[in-house]
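Each chain gets a letter, A, B and so on, in the order its sequence line appears, and its residues count up from 1. Heavy-atom basis, side chains included; hydrogens, waters and symmetry copies ignored.
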Amino acid sequence: MRAVQAVLAVLASALCAAASAQGALVKIDGSSTVYPVTEAVAEDFQKAERNAIRVTVGISGTGGGFKKLCRGEIDISGASRPILKPEMADCAKAGIDYYELPVAFDALTVVVNPKNSFLDKGVSVEQLKKLWEPGAQGKVTRWNQVDPSWPDAPIKLFGAGADSGTFDYFTEAIVGKAKSSRGDYTASEDDNVLVQGVQRDVNAIGYFGFAYYAENQGKLKAVPIVEKAGKPAVKPSMETVLNGSYQPLARPIFIYVNAKSLERAEVRKFVEYYMTHGAKLAKEVKYVPLPDKAYALNREHLAKGKKGTVFGGVPEVGVRIEDLLAREAKL
Amino acid sequence: MTYVAQTPEQIRGLIAKAKRRDVAFVALGVVALGIGFATFVALFVDMLIDGWARLSPEFFAQFPSRRAGQAGILSAWVGTTLVMIVTAAVAVPLGVAAGIYLEEYAPKHWVTDLIEINITNLAGVPSIVYGLLALGLFVYAFGLGQSIRTAGLTLALLILPVVIVATREAIRAIPGVIREGAYAVGATKWQTVRDHIVPYSMPGILTGVIIGMSRAIGETAPIITIGALTFIAFLPPAPVTGDFPFLSFEWLKAPFTVMPIQMFNWTSRPDEAFHANAAAAGTILVFMTLTMNALAIWLRYRLRKHIKW
């Protein structure tokens, strides 16, 4: 009987130890594009704090994240695009102020099968528009229709599903209007499906986030992009995205921090950790980090209480990060 | 139909034809079973091979991580287990009680019929609808939060129709003479239900519970809708505490994730090493389901031993 009691006592104390690990909590939600970076930061931050501060990260999409942020349910929201006007209005109505902090670049990458050689010299935004605009549906089906020097072979298109931020940005940057795309292509929200599709078909072309290309470099070939006539063809890489020459498909991704939450020590600590270690961790998960100056500016904005967004609720294409951070923010 | 006189040859021919049909049906049945079984085995073996290298004790004891080799399913399997406990604790008593009432007590008229039809139809409602209902009702109206209890209640709602229907089927299989015998010796309705109906229908009810729980454990959509997390590197508070009253139900309010969400996240990663993690997690999820079913089958076997009629 004694032995049983002793075992129970040990068990109980072990369970208590587990229970007393409860502490401050930082709640994060939002975009699946920002998730890998935030997850890496959360993982290391929690370890650095020896689990005294707990962090949770959910994935409910950029739009879902803003909804939760403006309801005051979460402390931080990840976003693959800036906050839009209706979302700003929601936040304003609920009296929630926020900080907009760019944390990394996501470079959309146009990829083809490794056996494709006619696109080695690059593809222009103009040509991509011919391929992807809604008017091309059912009409532009062979490569030589876009450029006579290209082969007379069928085009197999692979792209993001219509619900993703990647789709919004690609159509905005290439076609000129968000969500405006031809519909007769293989669409998937799961980028691995697109990777496999392009890998299997010599005549395929597709687009998705840089990280998926970086992990599959042996199976795919990235196509250099010519922004405007007369400009050089630029291949996506850490360097070309960072120095701003890979345009217009490189976009910053953000975290939005509830200003009231930031008054709590644990949230402030987490955001500071993000700004200090974010660059290194973004690189580790195959995202392109911002220039060091950008993180410094972010910290300065936090210190000075520069709240709100610099976009005014309108999405933009091809903005340079320095210009972005120099702008005046508003709520 | 008119019967014509037939020669013995004709009759033998008829018998042979009937026997051939019999063999043909057996063959069809074997093929049908084979297709279903082979598909499951192929999928499971493929998953097992992909995930085999990742199956280790550490895989169970580690939290999610950005490094595939260090990522584990601790928060996911604990979350799934706790949610399933809540689901069973809510759905089984409610479902069984509702089933018994409908079968034994409810007056037989059109209102009851309407309720019955609706319950049967509810079993076919897409799970995301339950997720949306739970988000509005449990999370916001009742303020239960994005917690284990909300998830458990949501999945309980989802499987409630299955449990009710199974309970009714099981009760209907009990011969009427059992009831009549009980009433004949002066038992009340409640005594009959408690001492005869419930014990005898238990094996059938358990089958329904197995089907329901197996559906619930693999659900992702309603759980994501009510706000399950993807990265969570801590466990809910322990149910046993050092202070009086030694039991704590704080874990019901804790944030959580479940196995299918963890799996889904890993399959959509760019790094292929995570796909092995997803396969390993899938294998574990299959084993969790099988364990749950084995438990129910064992219970059913034990209960059946005592039924003699």
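How far CD1 of A/Ile59 is from CD1 of B/Ile261: 9.5 Å, rounded to the nearest 0.5 Å. Taking CG of A/Asp44 as the reference point, atom OG of B/Ser65 lies at 8.0 Å (rounded to 0.5 Å). We find the CZ-CG distance between B/Phe63 and A/Asn51 to be 7.5 Å, quoted to the nearest 0.5 Å.
Formation of a donor-acceptor pair under 3.5 Å by the A/Glu43 side chain with backbone atoms of B/Pro64 is not found in this model. At least one donor-acceptor pair closer than 3.5 Å links the side chain of A/Asn192 to the backbone N or O of B/Arg269.
Across every non-hydrogen atom of B/Pro270 and A/Ala211, the tightest pair is CB-O, 3.7 Å. The two residues B/Arg66 and A/Glu39 have their closest heavy-atom pair at CA-OE1, 3.6 Å.
Looking at A/Glu189, there are no atoms closer than 4.5 Å to chain B (heavy atoms on both sides), in backbone or side chain. In this structure, no portion of B/Glu250 lies under 4.5 Å from any heavy atom of chain A. For A/Asp190, the part lying near chain B is the side chain, with the backbone staying farther off; criterion is any non-hydrogen pair under 4.5 Å. Interface residue A/Thr56: backbone and side-chain heavy atoms are both found under 4.5 Å from chain B. Contacts of B/Thr267 with chain A are made by backbone atoms alone, with heavy-atom separations under 4.5 Å and no side-chain atom involved. For A/Tyr35, the part lying near chain B is the side chain, with the backbone staying farther off; criterion is any non-hydrogen pair under 4.5 Å. For chain A, the nearby part of B/Tyr140 is the side chain; its heavy atoms alone come within less than 4.5 Å. Heavy atoms of A/Gln46 lying under 4.5 Å from chain B belong exclusively to its side chain.
Note: A/Ala42 leads A/Ala42, A/Ser60, A/Ser32 in heavy-atom pairs under 4.5 Å with chain B. Interface summary for chain A: among B/Ile232, B/Ile224, B/Asn265, the most heavy-atom pairs under 4.5 angstrom belong to B/Asn265.
Heavy-atom neighbours of B/Trp251 CH2 from other residues, nucleotides or ligands within 6.0 Å: above the threshold of 12. Other residues, nucleotides and ligands contribute more than 12 heavy atoms inside 6.0 Å of the CZ atom of B/Phe40. Atom NZ of A/Lys68 sits in a crowded spot, with more than 12 heavy atoms from other residues, nucleotides or ligands closer than 6.0 Å. More than 12 non-hydrogen atoms from other residues, nucleotides or ligands lie less than 6.0 angstrom from CZ of B/Arg67. Summarising the local packing, NZ of A/Lys47 is surrounded by more than 12 heavy atoms from other residues, nucleotides or ligands at distances under 6.0 Å.
Comment: A/Lys286 does not engage B/Asp271 in a salt bridge, judged by the lack of any side-chain N to carboxylate O separation of less than 4.0 angstrom.
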